[in-house]
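Notes to accompany the following structure.
In what follows, chains are A, B, ... by sequence order, proteins preceding strands, each numbered from 1. This is a predicted model, so every value here is computed, not measured.
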Amino acid sequence: MRLSQLFTKTSKTVPADESARNAQLLIQAGYISKEMAGVYSYLPLGKRVLDNIAQIVREEMNDIGGQEVQLSVLQNPEIWQKSGRWDDKVVDNWFKTKLKNGTELGIGLTHEEPLTQALGTNINSYKELPVYIYQIQTKFRNELRSKSGLLRGREFLMKDLYSYSKSQADHRKFYEKAADAYIKVYKRLGIGDITYRTYASGGIFSKFSDEFQTISDVGEDTIYVHEARRIAVNKEVLTDDVLNELKLNRNELAEKKAVEVGNIFSLGSKYADSLDVYFTDEKGQQQSVIMGSYGIGISRLMGLLAEHFADDKGLVWPVNVAPAKVYIARLGDDSATVKQADKLYDDLTNSSIEVIYDDRDLRAGNKFADADLLGIPYRVVISTTTANDNNFEYKSRSSEETHRMTFEELLKLLGRDN
RNA sequence: CGGGGUGUAGCGCAGCUCGGUAGCGCGCCGCGUUCGGGACGCGGAGGUCGUGGGUUCAAAUCCCGCCACCCCGACCA
């Protein structure tokens, strides 16, 4: 992508109507724009980051047998009435709207009911279970107060997977598999070391649910971490009984602020039963389907990563999610420099390496500052000097050192995490 | 939803106490000089002062209502 053609621009000033660091940085760098409180649009670079995160999640979900779907946003009240979740007194953060004829509709905030309903006509026999179905879709929740930029919006991108199993044993097996897949996701996003599987309140169907909590000062949750065992307990369930059950000693736990970046829980047969979805077992008996749900906030993760991977100059994206791997800063517009820069841009692009090519008519300082603010992992400077020497100046975003190298050396360095 | 704060040019702000019809920096446009860490000079464009009402000869400024945004709290199946 040539920067001269990118319609977004960076800003030198921090937006006044944001105090969350993630939103400040992402807006300043032109990744997102704010529409209203808790509602953001994703601009070209932000869209790339969001897609990169979603893709990592998608790959891990596919890996455990997930089938991707896209369910409707508009919701039919009837099925929600069957499960008892239509009433505002039960679920208070619905967005609801109306058809022209006055019929009420819901705007999707989760999808247990519609998916189970859709599944019902397809599942009859134990031979057809288990199934694991997921989507990556915008969710709408009418939060009383949104805050912390992308960490808590009224409209946000979420991956939600639902498992349908024929027994508790099968369910538990998949549940653990899903938990492992979540760990892989966080590892790939570069936050594996600060993310903990956390015991949290389980609702009516199981004693605990499992949250995945990433340590961060901007977190809304308080968790108690057992570093050696890589697990944590959410403050909301921390009692002596629970500690005994988990064989945890209170004085081995460290209190931390954390952001909930995932939550998986067991739902039993409540939704399947309330929507009359059953299967016939080996003996010809009708049985309940055991369900689980597994969420990851994609846009929230983007906010968390922006918050975590940043310094006083701007963002510092992990390579896996960065909107581009390399930032080519071309200094000067003499023909030799332009030729070398254009060629490098083409060569890297042809090697499937994503490049942001700063071909704008700006001074060096402006380009360096933008490279830093945008947080592109690697920077290559091209100038008359490098053109004359037929080599390139390379620098990592997270280091101050620059190195001169040949194209082959550069390609080797840039290709290494592909 | 309770408490606190803020709304003035694309962005960041001053002006409001003490009413007289709007200014600064950045950005943008033109010309010139510059050109490896956010250059400089000269010229220029751009504003229903959140919104509705009231007071007044006169309102960005005073009074009342509303809306939006931020923060703290409560809430988050």
Nucleic acid contacts of residues 154-161 of chain A, taken as heavy-atom distances under 4.0 Å to RNA chain B: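 Close to the strand, none.
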
Stretch residues 36-44 of chain A: residues that reach within less than 4.0 Å of RNA chain B through a heavy atom: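 Those residues whose heavy atoms fall under 4.0 Å from RNA chain B, taken from residues 36-44 of chain A in numerical order, are A:M36, A:A37.
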
For [N] versus [M], give the span between their [atom1] atoms, rounded off to a whole number of Å.
N      : M      : atom1 : value
B:rG47 : B:rA60 : C1'   : 11 Å
B:rG20 : B:rA59 : P     : 11 Å
B:rU61 : B:rG65 : P     : 16 Å

Considering every strand shown, what is the Watson-Crick or G-U wobble mate of [N] when both distances are under 3.5 Å?
N      : value
B:rU48 : none
B:rA74 : none
B:rG41 : B:rC31
B:rG36 : none
B:rC18 : none
B:rG12 : B:rC24
B:rU6  : B:rA68

Residues in salt bridge (charged side-chain N to carboxylate O under 4.0 Å, His left out) contact with [X], at least two apart in sequence or another chain:
X      : result
A:E143 : A:R152
A:K177 : none
A:E128 : none
A:D334 : none

Nearest to side-chain heavy atoms of A:D17, which nucleotide of B:rG12, B:rA77, B:rC69: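 Selected nucleotide: B:rC69.
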
side-chain hydrogen bond (donor to acceptor under 3.5 Å, both in side chains) partners for A:E211, two or more places apart: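 Checked A:E211 against side-chain hydrogen bond (donor to acceptor under 3.5 Å, both in side chains); matches are A:Q213, A:N234.
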
Pairing residues for A:S41 by the side-chain hydrogen bond (donor to acceptor under 3.5 Å, both in side chains) criterion, not counting sequence neighbours: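 By the side-chain hydrogen bond (donor to acceptor under 3.5 Å, both in side chains) rule, A:S41 matches A:E35.
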
B:rA77 phosphate, OP1 or OP2, under 4.0 Å from A:R141 side-chain N/O: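 Answer is no, no contact under 4.0 Å.
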
Over-ring placement of A:R141 relative to A:F156, 6.0 Å and 45° cut-offs: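 A:R141 over A:F156 ring: no.
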
Partners meeting side-chain contact (heavy atoms from CB on, under 4.5 Å) with A:K82 (sequence neighbours left out):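 Partners of A:K82 by the side-chain contact (heavy atoms from CB on, under 4.5 Å) criterion, ordered by chain and then number, come out as A:L275.
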
Under 3.5 Å: donor-acceptor pair, side chain of A:K367, backbone of A:R330: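 Indeed, once roles are kept as given, a pair shorter than 3.5 Å links the two residues.
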
Check nucleotides 31-39 of chain B for protein N or O atoms closer than 3.5 Å to its own N or O atoms and list the pairs.
| unit_1 | atom_1 | unit_2 | atom_2 | d |
| --- | --- | --- | --- | --- |
| B:rU34 | O2 | A:R363 | NH2 | 2.9 |
| B:rC35 | O4' | A:R363 | NH2 | 3.2 |
| B:rG36 | O6 | A:S383 | OG | 2.1 |
| B:rG36 | N1 | A:E393 | OE1 | 2.9 |
| B:rG36 | N2 | A:E393 | OE1 | 2.5 |
| B:rG36 | N2 | A:E393 | OE2 | 2.5 |
| B:rG37 | O6 | A:R379 | NH1 | 2.5 |
| B:rG37 | O6 | A:R379 | NH2 | 3.4 |
| B:rG37 | N1 | A:D372 | OD2 | 3.0 |
| B:rG37 | N2 | A:D372 | OD2 | 2.6 |
| B:rG38 | O2' | A:K12 | NZ | 3.3 |
| B:rG38 | N2 | A:D370 | OD1 | 3.3 |
| B:rG38 | N3 | A:N366 | OD1 | 3.4 |
| B:rA39 | O4' | A:R363 | NH1 | 3.4 |
| B:rA39 | N7 | A:R363 | NE | 3.4 |

Scan the side chains in residues 188-197 of chain A for donor-acceptor partners under 3.5 Å anywhere in the protein, sequence neighbours excluded, and list what turns up.
| unit_1 | atom_1 | unit_2 | atom_2 | d |
| --- | --- | --- | --- | --- |
| A:R188 | NH1 | A:E59 | OE1 | 3.1 |
| A:R188 | NH1 | A:E60 | OE2 | 2.9 |
| A:R188 | NH2 | A:E59 | OE1 | 2.6 |
| A:T195 | OG1 | A:I191 | O | 2.6 |
| A:T195 | OG1 | A:T214 | OG1 | 3.0 |
| A:Y196 | OH | A:E227 | OE1 | 2.4 |
| A:Y196 | OH | A:E227 | OE2 | 3.4 |
| A:Y196 | OH | A:R230 | NH1 | 3.2 |
| A:R197 | NE | A:D210 | OD1 | 2.8 |
| A:R197 | NH1 | A:E176 | OE1 | 2.9 |
| A:R197 | NH2 | A:E176 | OE2 | 2.9 |
| A:R197 | NH2 | A:D210 | OD1 | 3.4 |

Under the ring pair (Phe, Tyr, Trp, His ring centres under 6.0 Å) test, residues paired with A:Y186 that sit two or more places apart: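 So A:Y186 forms a ring pair (Phe, Tyr, Trp, His ring centres under 6.0 Å) with A:F212.
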
